[in-house]
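Working notes, structure below.
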Amino acid sequence: MRKKIVAGNWKMNTDYAEGISLFSEIVNIVRDEKKGDQIAVICAPFIHLNSLSKLGGDTVKIGAQNCHQNESGAFTGEISAKMIKSVGCEYVIIGHSERRQYFAESDALLAEKTKIALAHGLIPLFCIGETLDERNNGNFFEILKGQLENGVFGLDEADFAKVVIAYEPVWAIGTGLTATAEQAQEVHAFIRSELVYRYGEEVAEDTSILYGGSCNPKNAAELFAQKDIDGGLIGGASLKSRDFADIVKTFNA
Ligand code: PGA
């Protein structure tokens, strides 16, 4: 059975004190109000992670937003997968469109990052998504397929089975423009069909595919009700404890 996951991505927001306070609020609300086996995750700035992992327990898991592709060494300013794991993180976002766009992260680089994250026991939240131009040109299925093939399809089956995919249309991130439930479901079904083709029915059925892009407490229920949508990657709304918790509660039985 695939897991239902709601993961927050705080991006470069909150100083240390704000992060601790926001996270504590989220943990308290989720602990009191979550009913079900959905998993709540917060992907916070690096400097918060050590402290947050001690506060969240099993209620809210912790993730990083990026990692370096090398094991260790002379890479000034970078953070390794091993370091992230060592402070109690379970997840790491790989290939967010902002990393692809502003830091020129290629599919080949992201494939390396995914491998090293897995080697250190982290669960990659691997992001794919098309730009507005690509959607309007109508070639977005090809784009998404390429991102999967070059980013994660080099993994063997056992490794791929640990990966979570996040579909985030770039045109919907932080814009208030959400993909409609039909648009999102269409792409999620396409992604799952590509997983069937590469890894077979069983692995494809067990892979969680999250939707991201202006997901909020109002639209989450309709999105998450779609057959191939297993949760969300939440940016802006994860910076408000009530909103994030309400999105988590969408999966309450
Ligand atoms: P958003 O961001 O929810 O603010 O659109 C989503 C993301 O970038 O992961």
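Both counts, for ligands and for their atoms, begin at 1 and track the order of listing. Owing to the predicted nature of the structure, the values given are computational and were not obtained by experimental measurement.
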Over 12 non-hydrogen atoms of neighbours within 6.0 angstrom of NZ in K11: yes
Anything under 3.5 Å between a donor and an acceptor, one on a side chain of residues 35-50, the other on a protein residue two or more places apart or in another chain? List them.
| unit_1 | atom_1 | unit_2 | atom_2 | d |
| --- | --- | --- | --- | --- |
| Q38 | NE2 | V248 | O | 2.9 |
| Q38 | NE2 | N252 | OD1 | 3.0 |
| H48 | NE2 | T14 | O | 3.2 |
| H48 | NE2 | T14 | OG1 | 2.9 |
| H48 | NE2 | D15 | O | 3.3 |
| N50 | OD1 | K54 | NZ | 2.7 |

Beyond-backbone contact of I94 with V152, side-chain heavy atoms, under 4.5 angstrom: no
Distance-minimising heavy-atom pair for S241 and L22: N-CD1, 3.8 Å
Residue pair N139 / E134, side-chain donor-acceptor N/O under 3.5 Å: no
Ligand-protein N/O pairs under 3.5 Å (ligand 1):
| unit_1 | atom_1 | unit_2 | atom_2 | d |
| --- | --- | --- | --- | --- |
| ligand 1 | 2 (O) | K11 | NZ | 3.4 |
| ligand 1 | 3 (O) | S214 | N | 3.4 |
| ligand 1 | 3 (O) | G235 | N | 2.9 |
| ligand 1 | 4 (O) | G236 | N | 2.8 |
| ligand 1 | 5 (O) | G174 | N | 2.6 |
| ligand 1 | 5 (O) | S214 | N | 2.7 |
| ligand 1 | 8 (O) | K11 | NZ | 2.7 |
| ligand 1 | 8 (O) | H96 | NE2 | 2.6 |
| ligand 1 | 9 (O) | H96 | NE2 | 3.3 |
| ligand 1 | 9 (O) | E168 | OE1 | 3.3 |
| ligand 1 | 9 (O) | E168 | OE2 | 2.7 |

N/O donor-acceptor pair under 3.5 Å between R99 side chain and Q65 backbone: no
